[in-house]
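Worksheet: one structure, shown below.
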Number of protein chains: 2
Amino acid sequence: MISIKDIAKKAGVSISTVSYALNGNPKVTEETRMRILKIAQELNYVPNAAARTLKNRVSKIIGVYLNDFSGAFYGEVLQGMKEVLNKRGYDLIVCSGSYSHRWLPQRMIDGAIVLDHSFASEELLHLAGNGHKVVVLDRELNHPNVNQVLLDNKAGASLAVEFLIDKGHRKLYVVSGPKGSYDSRQRMQAVKQTVERHPEVECIEIEGNFDKESGEEAAKRIVAEYKEPAAVFCLNDEMAIGVYNTVMKANYRIGEHIHLIGFDNIELTQYTQPRLATIDYSKRKWGTLASEQVLKLIAGEEVEHERIYVTLVEGESVGRG
Amino acid sequence: MISIKDIAKKAGVSISTVSYALNGNPKVTEETRMRILKIAQELNYVPNAAARTLKNRVSKIIGVYLNDFSGAFYGEVLQGMKEVLNKRGYDLIVCSGSYSHRWLPQRMIDGAIVLDHSFASEELLHLAGNGHKVVVLDRELNHPNVNQVLLDNKAGASLAVEFLIDKGHRKLYVVSGPKGSYDSRQRMQAVKQTVERHPEVECIEIEGNFDKESGEEAAKRIVAEYKEPAAVFCLNDEMAIGVYNTVMKANYRIGEHIHLIGFDNIELTQYTQPRLATIDYSKRKWGTLASEQVLKLIAGEEVEHERIYVTLVEGESVGRG
DNA sequence: TTGTACGCGTTATCAT
DNA sequence: ATGATAACGCGTACAA
């Protein structure tokens, strides 16, 4: 491996001169600087990241933690993060699994963005307590070194429920997410609050866990109980897709017998026929905001928690009731 | 930040004793060892990754390069990679964008897995020339430090075309991928070879670029030219979905007027009604093999290029012609 | 422009 | 048999 020592030898100068030259320090003349840069080029010099990080105590890398790599949903969020970080001279690495949790205390990354429910809040608080900077996208966590960028789950769930009620539906199934999910809890709370304001509405909760299979399970029950048209609010789109397929297979029509709305506006919803109604929000914005917040934390700036606003996407999957 | 120095001070021993103790070196008695471990625990000691990497010259991290984070398709591949790597004491980071290319020469990662067409082959050869270990999943590249784990594109494309011909179709559209894509070129070559063996088949090539939009474009043309039932082979599923939607919108039926097959068996294909025929392969296997190969390269073992086999998934999107 | 201490963990060498 | 001293890896930045 080529080090500044090799360059120094070849250029006939000291290593400090090389370091200054490479870092554009005005302590060296433009002339020797060019000479050294040329030699570095010739030798294919690349600074050793470990040595630099060791000295500088920063890596200029931000890690984002996902519970798994299944991604479909995260692509845009990550893209948004990367854009901002690269612009500010930082790199992004995507991590998954508890092994990689050590990268923050090991100082391999300068900050973390967490969208991984399996990353324990106590662990995060502990890290924050040791001065590490964390942005959470999937929970509420209060600590000076932790910032939140959360979806406006309550608004979204209210929008969805009110849309169904406005369309005239009075029998409403709600398929929840997993117990541990903050997003699911928030959405469910808002559902209950909204329904309470409409005593004429019957609301039946079915437990799900955000994956397609649980949507299918829920749909089986709904189909089995079918007597008259009903509305279904799945707390995410993936489950809605599961419901969608199962209902279709049972020869009921979406938007006619079963009225369906999801949450997230994942790409897949565009492909369904009739189009799935859902709750949308800018995934890119979510990513860019998260990045900006983590950089602010690192810079020691004062930061307020942020919220991502949501909108209703109407679709033919919900008809008049 | 807590370092071994702090532990040494607290334990009243030297830093080397601490290091030996932490690394289980028999040079220290079990007794002092336990004492030191306890203190390390108390102080929340975490070794500094940079210092360790600097000394050891290995990071025990493998980087996988993706052209973007859109992921839907990569999830399983990444999961497979992670499984193998974690089992072998390595970590995985997911990278995207040319900034992160430097991590290999900077020795931040011990090896790279490339599934990113925008990562230039010359750059990879150059890295390999400098002793870096690379596994490519998206091109042919011959160098002792580079290993290939490629899809059996030709078999897949032949399977698809033969399936269409067997079903009695004689008019065949093929929607290609982007010019630069190795997978697309391979698949297209196999299409041509297969069609040549069937002079009664008319084959029309439409240029695409692997995204949904280009499938839609292709479908517009196919619909405009429609006179009699035709078969369409999209060189990936995403484009097939684009074709699917556009054909449906034009009120032609998939599997009746337009017979459609894709490639990749992405999750989405399961949701289409009728089910999209496609070419399947184990994405997990692709990931595990890639990881195994990169570890073998690092270990200095002799490795042969690997191939991922493919199978045909029939679907109602292709009917009798 | 250069010598050198420093950041932190590893390990060979020397001393007890 | 135990454990301490010191050199090393590489880049940075202060003092000279």
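Order of the sequence lines sets the chain letters (A, B, ...), proteins ahead of strands, with each chain counted from 1. Because the structure is predicted, anything quoted here is derived from the model rather than measured.
Among the protein residues, A:N25 comes within range of no part of the nucleic acid, since none of its heavy atoms lies under 4.0 Å from any strand. A:S19 comes within 4.0 angstrom of a base, heavy atoms only. Backbone-only engagement by B:T29 is indicated by non-hydrogen atom pairs under 4.0 Å involving sugar-phosphate atoms exclusively. Backbone-only contact: A:T32 has heavy atoms under 4.0 Å from sugar-phosphate atoms and none from a base.
Comparing B:L54 and B:Y20 by the nucleotide of DNA chain C whose heavy atom lies nearest to each, the residue mapping closer to the 5' end is B:L54.
When distances are taken from the side chain of A:K55 to each of D:dG3, D:dC10, D:dT12, the shortest belongs to D:dT12.
Here D:dA13 presents its C1' atom at 14 Å from CZ of A:R52, a figure rounded to the nearest Å. Rounding to whole angstrom units, CZ of residue A:R57 and C1' of D:dC10 are separated by 16 Å. Rounded to whole Å, the distance from CG on A:D6 to C1' on D:dG9 is 13 Å. What separates CG of A:N23 from P of D:dA13 is a distance of 7 Å, to the nearest Å. In this structure, the CD atom of B:E31 is 14 Å from the C1' atom of D:dA1, given to the nearest Å. Between the CD1 atom of A:I2 and the C1' atom of D:dG11 there is a distance of 15 Å, given to the nearest Å.
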Before you tell me yes or no, could you show the steps for B:M81 and B:Y74 under side-chain contact (heavy atoms from CB on, under 4.5 Å), namely the whole-Å CA-CA distance, both residues' side-chain angles and the distance that decides it to 0.1 Å?
CA-CA 11 Å; B:M81 290 179 188; B:Y74 301 121; over 6 Å; no
A:M34 vs A:E30, test: side-chain contact (heavy atoms from CB on, under 4.5 Å). Steps then yes/no.
CA-CA 6 Å; A:M34 292 319 261; A:E30 197 57 25; 3.9 Å; yes
How far apart are the C-alpha atoms of A:V46 and A:N44, what are their side-chain angles, what is the distance that settles it, and do they pass the side-chain contact (heavy atoms from CB on, under 4.5 Å) test?
CA-CA 6 Å; A:V46 182; A:N44 280 314; 5.8 Å; no
Stepwise side-chain contact (heavy atoms from CB on, under 4.5 Å) check, B:M108 with A:T53
CA-CA 10 Å; B:M108 217 192 81; A:T53 300; over 6 Å; no
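Atom CG in A:N86 sits 11.5 Å away from atom CD1 in A:I62 (nearest 0.5 Å). Summarising the geometry, atom OG belonging to A:S118 is positioned 10.0 Å from atom CG belonging to A:L66; distances are rounded to the nearest 0.5 Å. Residue B:I113 holds its CD1 atom at 6.5 Å from CG of B:L92, rounded to the nearest 0.5 Å.
Inspection of the A:D68 and A:S96 side chains reveals no N or O donor paired with an N or O acceptor under 3.5 Å. A donor-acceptor contact under 3.5 angstrom links the side chains of B:H305 and B:N142, judged on distance only. Side-chain polar atoms of B:T288 and B:S291 form no donor-acceptor pair below 3.5 angstrom. Donor-acceptor pairing under 3.5 Å is lacking for the side chains of A:N153 and A:Q186.
Listed in residue order, the members of residues 9-18 of chain B having a heavy atom less than 4.0 Å from DNA chain D are B:V13, B:S14, B:S16, B:T17.
For DNA chain C, the outermost nucleotides in 5' to 3' order that have an atom under 4.0 Å from a heavy atom of chain A are C:dT1 to C:dC8.
Regarding contacts with the backbone of D:dG9, every side-chain N or O of B:R107 stays at 4.0 angstrom or more from both OP1 and OP2.
End-to-end axis angle of the helix from C:dT1-D:dA16 to C:dT16-D:dA1, from C1' rotation axes over five pairs per end: 60° (rounded to 10 degrees).
Side chain of B:N25 to main chain of B:K27: a donor-acceptor pair is present (N/O by atom type, distance under 3.5 Å, no hydrogens or angles).
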